[in-house]
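Shown next, in structure tokens, is the structure this report addresses.
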There are 2 protein chains.
Amino acid sequence: MENIKEDRRIRRTKKLLKQALAQLMDEKDFKDITVKDITERADLNRGTFYLHYTDTYDILNKIEDEILKNIQNMIDQNIEKTNASDSVIPALKPIAEYIMENADICRCLINNKASVDFIEKFQNLIYDNCSDIIKRRHNVKDSKQNEFYLSFITLGIIGMVKKWLETRPMVSAEEIVVFVDQIMTYSSAALK
Amino acid sequence: MENIKEDRRIRRTKKLLKQALAQLMDEKDFKDITVKDITERADLNRGTFYLHYTDTYDILNKIEDEILKNIQNMIDQNIEKTNASDSVIPALKPIAEYIMENADICRCLINNKASVDFIEKFQNLIYDNCSDIIKRRHNVKDSKQNEFYLSFITLGIIGMVKKWLETRPMVSAEEIVVFVDQIMTYSSAALK
DNA sequence: GTAATAATCAACAAAATGTTTATTATCATT
DNA sequence: AATGATAATAAACATTTTGTTGATTATTAC
């Protein structure tokens with residue numbers, strides 16, 4: 001899958017560039033961030049950026065994908081637990097915990113005015129991991145209704161996560177997951 | 001509020017620029033669209049663009065705001081009807097109809113990878129117009145739960161609208177609104 | 001018909017983009 | 001420690017985009 005191990009210099013450079021971008025995104029709109037901004041902040045040559053990324057949107061996407069890959073791994077590690085249970089809580093809890101641990105960068109990405117990509121990818125991740133459970137729980141007749149329901153639920157959850165990331169001090173992962181489960185359970189009654 | 005009436009030349013220019021942008025957004029990512037692209041497509045001088053907008057993000061925002069202003073007007077015109085009823089259907093139906101009529105541009109804005117602004121603004125609009133009704137229907141105790149619930153619902157609705165805009169042929173406005181109402185009604189039980 | 005002003009054209013400086021070449025620094029490996 | 005591979009640098013470059021300017025033409029409202 002991935003190259004046995006990247007050269008230490010490459011790891012260092014990519015890390016510095018990503019850190020620099022994350023910093024800058026806290027300071028201004030993504031659209032106003034240039035390659036020069038990033039490399040200056042990272043204290044690297046501008047040309048070095050182009051050795052690893054094509055443009056600012058490319059590095060942003062890589063950051064997003066990394067976060068989502070980590071979340072997917074969390075889920076995969078708990079897949080047995082999830083299948084054993086009939087609740088979505090075991091599936092959602094590790095995600096919530098990971099988001100809690102990486103709240104700063106997640107808040108940054110979810111609020112980022114540059115791209116709906118992250119939200120869309122996140123929604124797809126939730127869909128891919130929850131739709132089976134939901135479908136199993138409610139043997140839905142009308143597939144059209146089911147599709148709308150899943151779109152509603154999956155983006156709705158992101159709405160909650162977004163609100164959650166704004167709470168100070170942050171509501172616990174446990175608490176938010178229980179509430180997500182509640183709201184999913186009740187709203188699914190609309191399918192009957 | 002607005003200047004009695006804009007010069008006909010200005011109206012024409014703005015319209016051409018907006019049309020050109022809408023066309024281009026169907027063809028490529030917003031981030032790759034330049035001022036030159038827009039003015040060339042509109043067959044106008046590049047300098048003319050800067051007489052009306054500061055940059056590509058500015059004109060995009062203006063288009064978004066116009067759509068949302070129209071939706072808000074639809075709602076305001078039916079405010080009495082909405083207050084009389086205790087359902088959200090009268091509030092949502094004119095919105096759904098307007099979206100249906102302007103499906104192309106709405107699909108463009110809601111899927112636009114350049115900006116989460118539209119979705120955020122749209123969510124706020126739904127919130128502003130529905131939160132009172134929801135709060136009235138369910139006298140919620142825990143305000144924290146209530147906030148999460150509203151974030152869930154308002155973005156969830158947008159998820160459905162997004163899915164709805166992808167249906168071919170498009171599901172009727174009537175149908176989608178009834179389903180939104182259903183799902184809102186049932187999911188609100190999670191607040192009890 | 002006239003005064004006001006929008007749009008055009010051409011030119012411009014400044015900034016950002018993306019690429020290239022030669023050079024230096026660091027790496028993994030033995 | 002020495003070595004071959006390669007990442008990062010520095011400097012330069014053409015190209016594109018950005019905003020702005022001033023003079024001119026065309027259209028508008030009245």
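Here is how names work: the chains are called A, B, and so on, in the same order as the sequence lines, proteins then strands, and each is numbered from 1.
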Between B:K36 and A:T13, name the one whose nearest nucleotide on DNA chain D is closer to the 5' end.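 Its nearest nucleotide lies further toward 5', so the answer is A:T13.
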Please figure out whether B:I33 or B:R11 has its closest DNA chain D nucleotide nearer the 5' end. B:I33
Length of the [atom1]-[atom2] vector between [X] and [N], whole Å:
| X | N | atom1 | atom2 | answer |
| --- | --- | --- | --- | --- |
| A:L17 | D:dA8 | CG | C1' | 11 Å |
| B:R8 | D:dT27 | CZ | P | 11 Å |
| A:Y50 | D:dA12 | OH | P | 19 Å |
| B:L51 | D:dT28 | CG | P | 16 Å |
| A:I10 | D:dT6 | CD1 | P | 10 Å |
| B:E40 | D:dT17 | CD | C1' | 12 Å |
| B:D55 | D:dT20 | CG | P | 10 Å |
| B:D7 | D:dT28 | CG | P | 7 Å |

Checking side-chain hydrogen bond (donor to acceptor under 3.5 Å, both in side chains) between B:E6 and each of B:R11, B:K14, B:R12, which is the one that passes? B:K14
Indicate, with a heavy-atom threshold strictly under 4.0 Å, whether A:N45 touches base, sugar-phosphate, or nothing. base
Hey, what do you get for NZ (A:K93) to CG (A:N78), rounding to the nearest 0.5 Å?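 Rounded to the nearest 0.5 Å, the NZ-CG separation comes out at 9.5 Å.
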Hey, what do you get for CG (B:L92) to CD (B:E174), rounding to the nearest 0.5 Å?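 That separation rounds to 11.5 Å.
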Please test B:Q72 against B:N129 for side chain to side chain donor-acceptor pair (under 3.5 Å), starting from the C-alpha separation and ending with a verdict. CA-CA 9 Å; B:Q72 186 62 56; B:N129 290 285; 3.1 Å; yes
A:F152 and its ring pair (Phe, Tyr, Trp, His ring centres under 6.0 Å) partner, picked from B:W164, B:F179, B:F152: B:F152
Can you tell me if the side-chain N/O atoms of A:H52 get under 4.0 Å from OP1 or OP2 in D:dA8?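 Yes, such a contact exists.
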Would you indicate which nucleotide in D:dG19, D:dT9, D:dT17 comes nearest to any side-chain atom of B:R46? D:dG19
Can you say whether the rings of B:F30 and B:Y57 are parallel (under 30°), tilted (30 to 60°) or perpendicular (over 60°)? perpendicular
Given A:D37 and A:T34, is the side chain to side chain donor-acceptor pair (under 3.5 Å) satisfied, shown in steps? CA-CA 5 Å; A:D37 286 336; A:T34 65; 3.2 Å; yes
Where does the chain A footprint on DNA chain C start and end, counting 5' to 3' with a 4.0 Å heavy-atom cut-off?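 First-to-last contact on DNA chain C, by the 4.0 Å heavy-atom rule, is C:dA16 to C:dA28.
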